[in-house]
Participant: 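Take a look at this one; I'll ask things after.
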Amino acid sequence: MAKIQNPKAASQTQIQDLKRRLVDGLQVITGEGVLSGSGHLSARIPGTETFLINPRFAGVLADPKDICTVNFDAKRIAGKGPIPSETVIHAAIYRARPDVGSVIHCHARYSILVGLLDSGLIPFNREARIFSDGVPVFLDSRGINGMAHAERMVANLGPHHATFLRGHGIVVTGPGIEGACISAIQLERACQDQLLMMSVTELKPLDDKGRGRNQARLENPYRAWPFLLYMHKVKSKAQIRAGIRTLDEGKHY
Ligand SMILES: [Zn+2]
């Protein structure tokens, strides 16, 4: 697991920016069929033991002013709320994984189906590459509403980047909001592709040197994220073009 240095506490301007990006992320993952009326996306507030999360209504309807601030005990400390009943999933991950900057929990259709297979995810294509280190299945997967239950899920997740909650949904982590959203989209798409291919052939994991995660691309998905913002009409083309920063410039997209 990558260690990160303790960053300086985020300013109010940075927190507002995180809220705006979180709302953008909710729009994109809903447009991609990953998030539905339920499910939640959170972002760690750097340098604090708090994070941001959408309240307990359909994430796609949230505005930045609706986004709640929650501490690592999963208690709401700002925002109107109420917060989702499974907010402990996020708190437990941020406590245990300093490399994680954003978490998604959702009930994505194809991911739930693959989580029920004995084979689990078979990383046989490009979409699944970022999960070639494995996606563990958590069996005690009824609604995760208590911290002890969430901590057992985190222990089962280990150093991995996603887990299937058997018959319930998925939890996906990322270095930041955009990377977590792209990971969740790729997992759902990989699961859909796997189910399609399993109906016609036996699948084997991809065996090439390009497997694995490209961390820099997930920290700054400078091609994928502007495309998704455009496709789901989250922003105008001019706004998106103005926000594009290439990898060398080191900004978030
Ligand atoms: Zn759930």
Side-chain angles (χ1 to χ4, degrees), residues 22-23 25-44 51-62 66-76 79 81-97 100-117 120-121 131 134-158 160-174 177 179-192 195:
L22 196 114
V23 166
L26 291 164
Q27 304 280 320
V28 167
I29 56 177
T30 304
E32 288 288 314
V34 170
L35 204 71
S36 58
S38 62
H40 17 99
L41 167 64
S42 70
R44 183 195 293 273
F51 60 95
L52 302 171
I53 194 165
N54 59 291
R56 195 191 300 177
F57 57 76
V60 72
L61 299 175
D66 301 314
I67 301 303
C68 299
T69 307
V70 176
N71 66 20
F72 282 8
D73 293 324
K75 298 279 179 292
R76 176 170 53 90
I83 54 173
S85 59
E86 294 185 293
T87 298
V88 283
I89 291 173
H90 304 254
I93 291 176
Y94 292 126
R95 277 185 185 190
R97 291 278 301 269
V100 172
S102 182
V103 176
I104 295 171
H105 167 56
C106 61
H107 311 121
R109 180 183 183 186
Y110 296 103
S111 299
I112 289 175
L113 297 178
V114 168
L116 291 167
L117 298 174
L121 181 73
F131 298 107
V135 178
V137 179
F138 186 55
L139 298 177
D140 185 9
S141 61
R142 64 205 147 86
I144 299 178
N145 301 322
M147 187 58 79
H149 192 184
E151 284 171 347
R152 288 200 301 280
M153 184 216 69
V154 172
N156 190 67
L157 172 69
H160 301 282
H161 305 285
T163 180
F164 295 111
L165 309 181
R166 192 171 168 85
H168 169 172
I170 49 172
V171 177
V172 181
T173 69
I177 293 167
C181 288
I182 285 172
S183 295
I185 292 165
Q186 287 196 211
L187 179 58
E188 175 68 351
R189 204 166 286 168
C191 288
Q192 188 174 4
L195 292 168

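All ligand and atom numbering here is 1-based and tracks the order in the structure.
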Participant: Indicate whether any N or O donor in one side chain lies under 3.5 Å from an N or O acceptor in the other, for H90 and S42.
Facilitator: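 Their side chains do contain a donor-acceptor pair, which is all the 3.5 Å distance test asks for.
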
Participant: Taking the side chain as every heavy atom from C-beta outward, state whether R95 and V154 have any atom pair closer than 4.5 Å.
Facilitator: no

Participant: How open is the angle at the Zn ion (ligand 1) from atom NE2 of H107 over to atom NE2 of H105, rounded to 10 degrees?
Facilitator: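 Seen from the Zn ion (ligand 1), NE2 and NE2 are separated by roughly 100°.
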
Participant: With a 4.5 Å limit on heavy-atom distance, are the side chains of I104 and I29 in contact?
Facilitator: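 When only atoms from C-beta onward are counted, I29 and I104 do touch, with a gap below 4.5 Å.
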
Participant: What atom name does the N, O or S atom of E86 nearest to the Zn ion (ligand 1) carry?
Facilitator: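 Going through the N, O and S atoms of E86 one by one, OE1 ends up nearest to the Zn ion (ligand 1).
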
Participant: Look at H168 and state whether any of its N, O or S atoms is less than 2.8 Å from the Zn ion (ligand 1).
Facilitator: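 Under 2.8 Å: H168 contacts the Zn ion (ligand 1) through an N, O or S atom.
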
Participant: Taking side-chain contact (heavy atoms from CB on, under 4.5 Å) as the test, write out the residues that go with S36, two or more places apart.
Facilitator: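 With neighbours one apart ignored, the set is S38.
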
